[in-house]
Number of protein chains: 2
Amino acid sequence: MADRVTITTVARHAQVSVQTVSNVLNSPHVVRPETRQRVQDAIDALGYRANQAARQMRTGRSRLIAARIEPAQDGINGSILDRFLHGLAEAAAPARYRVLLYTAADDAAEITTYEDMLSAYDIDAFVLTSTHHADTRTGWLAERGVPFVTFGRPWDALGSHPWVDVDGAAGTAEATRHLLRAGHRRIGFIGWPPGSGVGDDRRSGWAAALAEAGIDIHGLDAVTADGVAEGVAAARDLLTRGEPVTAIVCCSDSLALGALHATGGAEPAVPGPPAPGRIAVIGFDDTPVAQAVGLTSIAQPLGEAATHCLRLLAAQLDAPGSRPPGDGQILLTPALVPRRTA
Amino acid sequence: MADRVTITTVARHAQVSVQTVSNVLNSPHVVRPETRQRVQDAIDALGYRANQAARQMRTGRSRLIAARIEPAQDGINGSILDRFLHGLAEAAAPARYRVLLYTAADDAAEITTYEDMLSAYDIDAFVLTSTHHADTRTGWLAERGVPFVTFGRPWDALGSHPWVDVDGAAGTAEATRHLLRAGHRRIGFIGWPPGSGVGDDRRSGWAAALAEAGIDIHGLDAVTADGVAEGVAAARDLLTRGEPVTAIVCCSDSLALGALHATGGAEPAVPGPPAPGRIAVIGFDDTPVAQAVGLTSIAQPLGEAATHCLRLLAAQLDAPGSRPPGDGQILLTPALVPRRTA
DNA sequence: TTCCGGCAGTTGAACGTTCAAATTATGCGG
DNA sequence: CCGCATAATTTGAACGTTCAACTGCCGGAA
């Protein structure tokens, strides 16, 4: 097997010192164009690639970004994260970064993992997902000056780090307006118990859109844990109250699927107009299930979110100390995907 | 901020040379128990962790395993891979390996990525997914002596490398027998066009189970591309032939979902006995959609598969040159998950 | 002519670890 | 108590790269 091509091989081949090769790679402007070209040719001819480990030893930078891969939780609402991860890996490659996976059961375990990855691998940055109230992770990282971005805004408003999030309220507001335009007035909402940042945010969009239309939201919302069966129960509840709702916006596709069942059943796929006489239902996240069942849902721009995360990190890493433009806090707008259920 | 704890720090603290610390870490048997303990205590007290980059420079080993993350293809059948990846990351951690992600549009691009990752990061091994006929990747890696495992058997039977796969035929056979036990005799199959290893394998299980029961499969199967709409069409086709089928085994949950629609519609979730008078349908992969819709499906043991992949790699990496036990070719049996549709 | 400044490139050291060889410590038979 | 074999530990070098300091060289101002 061919011997390893190192910077020394290239240097010999181009008749220069190793440092000059290094300069061509890292600060091309200091080397005369003529020489630069000669070195570049040698690099190409030999197929040289800088050894990351050696480089890392000197610079302390690994060009590695760590991201957590979560277990497929509920299943329906999972598959969000893996699309995000794919986007992340794809955005990382052109910036010459790579994504390293890790798993962790809870915040404490995750922090232990940080320690390990930082000391053993010199991870350059972390991408945190599933931010929540009393999130101990961001503080820990910030304290140590480790660069990171969160996908999900900080719900406690403590400190301000770069983050990317999707505007859940804008999504549910758009969904609600969509239903208003279709003539619905009594539009219900099935959401999660107050206290989850994401859930409260999504509920607020629905409430705002109704307020905008001058509709009193009293008695129009149901609160329940996530799940299909829970969605069935909550929808039945909404339907048996004083004046029944004619449409429901849901906090998740799981809940929406349940609502769909409680309000007349769903037929999978096959495009066509919404069946008349049924209650309109809109879910959230545009999961495969929604696509399969023909459920109108709200799609998060996950690829875009990933790209932004990486851009923010790259800005931090490549120009240390400099704040990214716009304070590095980016709120993306999700898109309503109209299907057969609304 | 605290200075980096290196092997030198530990050595000073334990009053030994750096090499002794290194020995405690890598070949504890050569160091006297007493000394070993002293060094170990120093390691614990200082929270020392070996720097992977430096170690890698000497040993040429990165303890990094690369795996590809694919785009969320069809959506319904995706979410298989991310469960596998999660399993992989989880299995890697205790073995002190980490999983590095990459993306690639096709085999050629993937091989280019191999080159990059091997020369820049000294990746120890690769986990290949989505094996197919005329797969150029395995040959490339084998030629260069790069350790790898495939999740998915080699469909061309060229060369023999370690692989882990799920016995699709066993799955469809079990599904078919399940239907036979329920009294069905005319059991159809909706599969993909011949030529895809996975598809042919799954079809063969169905055929074998029917043959076992003395049933002629003639006229009982339909061939189509994957997709919900395609499933609808194929199921209609099966239902309008001479003697209609009373049950259908499908090559994927997408197809099954289509079949379900064509044969009377599905109602999401909510447990209960199969509705009478409807045609029984069984899907494949036990995706979130199946769980949500109450579709009986065949679940691949993805976590187990991931664990085996990692075990096979670890065996190769930790004892180079030694063939893993059982030739390192592992076929796992999937499990039927009975729900409301069969 | 002399000296200085700046550019292009080179040299030597260092990052943290492990390997191979050398050195020192320990135990044992005579 | 010596000599020797073997165990335990240390020393020096190396992995591939970049940083900091250095050497030559050329042109221009004094």
Side-chain angles (χ1 to χ4, degrees), chain A residues 2-40 42-43 46-64 96 118-124 318 320, chain B residues 2-40 42-43 46-64 96 118-124 318 320:
Chain A
D3 291 307
R4 200 176 220 313
V5 177
T6 78
I7 204 174
T8 313
T9 324
V10 176
R12 247 196 315 266
H13 194 275
Q15 316 249 51
V16 291
S17 70
V18 288
Q19 184 57 41
T20 299
V21 179
S22 174
N23 284 335
V24 170
L25 260 44
N26 302 302
S27 14
H29 58 279
V30 306
V31 45
R32 187 149 41 105
E34 181 184 302
T35 319
R36 191 191 312 162
Q37 189 56 51
R38 186 152 39 92
V39 172
Q40 197 52 255
I43 288 176
L46 297 167
Y48 166 76
R49 275 162 158 108
N51 180 285
Q52 186 51 44
R55 176 173 280 183
Q56 170 177 348
M57 258 233 281
R58 271 311 286 185
T59 62
R61 306 273 302 276
S62 62
R63 301 205 81 82
L64 246 34
R96 312 237 71 215
L118 285 172
S119 50
Y121 286 92
D122 275 320
I123 298 294
D124 283 352
D318 297 342
Chain B
D3 291 306
R4 201 175 220 312
V5 177
T6 77
I7 206 174
T8 312
T9 323
V10 176
R12 247 196 314 265
H13 194 275
Q15 315 250 49
V16 292
S17 71
V18 289
Q19 183 58 41
T20 300
V21 180
S22 173
N23 284 335
V24 169
L25 260 43
N26 302 303
S27 16
H29 59 277
V30 306
V31 46
R32 187 149 39 104
E34 182 183 299
T35 318
R36 191 191 309 160
Q37 189 56 51
R38 187 152 39 94
V39 172
Q40 196 51 253
I43 288 177
L46 296 166
Y48 167 75
R49 277 161 157 108
N51 180 286
Q52 186 51 45
R55 177 173 281 179
Q56 172 179 346
M57 262 237 278
R58 269 313 284 183
T59 62
R61 307 272 301 276
S62 62
R63 300 204 81 82
L64 246 33
R96 314 237 70 215
L118 285 173
S119 49
Y121 286 92
D122 275 320
I123 298 294
D124 284 352
D318 297 343

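Letters go in sequence order (proteins before strands), and every chain restarts at 1. Worth knowing before you read on, the calculation uses all heavy atoms, side chains too, and leaves out hydrogens, waters and symmetry mates.
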A:Gln56 CD to C:dC15 P, in whole Å, measures 15 Å
What is the distance, rounded to the nearest whole Å, between atom CG of A:Asn51 and atom C1' of C:dG16?
14 Å
What integer distance in Å separates B:Gln19:CD from C:dT17:P?
12 Å
Short side-chain N/O contact to D:dT9 OP1/OP2 from B:Thr35, under 4.0 Å
yes
Any base atoms under 4.0 Å from A:Ala53, or only sugar-phosphate, or nothing? Heavy atoms, all strands.
nothing
base_contact_polar (D:dA7 base, B:Arg32 side chain, donor-acceptor, <3.5 Å):
no
What is the distance from CZ of B:Arg58 to P of C:dT18, rounded to the nearest Å?
10 Å
Are any of the side-chain heavy atoms of B:Asn26 and B:Ser22 separated by less than 4.5 Å?
yes
Can you tell me the distance, in whole Å, between the CZ atom of A:Arg55 and the C1' atom of C:dA14?
17 Å
Can you figure out which of D:dT17, D:dA14, C:dG9 approaches the side chain of A:Thr20 most closely?
C:dG9
Atom CG of B:Asn23 to atom P of C:dA20: distance rounded to whole Å?
12 Å
Without swapping roles, check the side chain of A:Arg36 against the backbone of A:Val31 for a donor-acceptor pair under 3.5 Å.
yes
Just N and O in the side chain of B:Ser17: are any of them under 4.0 Å from OP1 or OP2 of D:dT11?
no
Would the distance check show the side chain of B:Arg96 and the main-chain N or O of B:Arg63 forming a donor-acceptor pair, the cut-off being under 3.5 Å?
no
What integer distance in Å separates B:Tyr121:OH from D:dT17:P?
14 Å
From CD of B:Gln15 over to C1' of D:dA8, roughly how many Å is that when rounded to an integer?
17 Å
Choose from C:dG16, C:dT18, C:dT10 the nucleotide whose nearest atom is closest to any side-chain atom of A:Met57.
C:dG16
Hey, is the main chain of A:Ala14 close enough, under 3.5 Å, to the side chain of A:Arg38 for a donor-acceptor pair?
yes
Quick one: is C:dT18 close enough that its OP1 or OP2 comes under 4.0 Å of any side-chain N or O from B:Ser22?
yes
Hey, is the main chain of B:Ser62 close enough, under 3.5 Å, to the side chain of B:Asp124 for a donor-acceptor pair?
yes
If you pin B:Val30 and B:Ala54 to their nearest nucleotides in DNA chain D, which one's is more 5'?
B:Val30
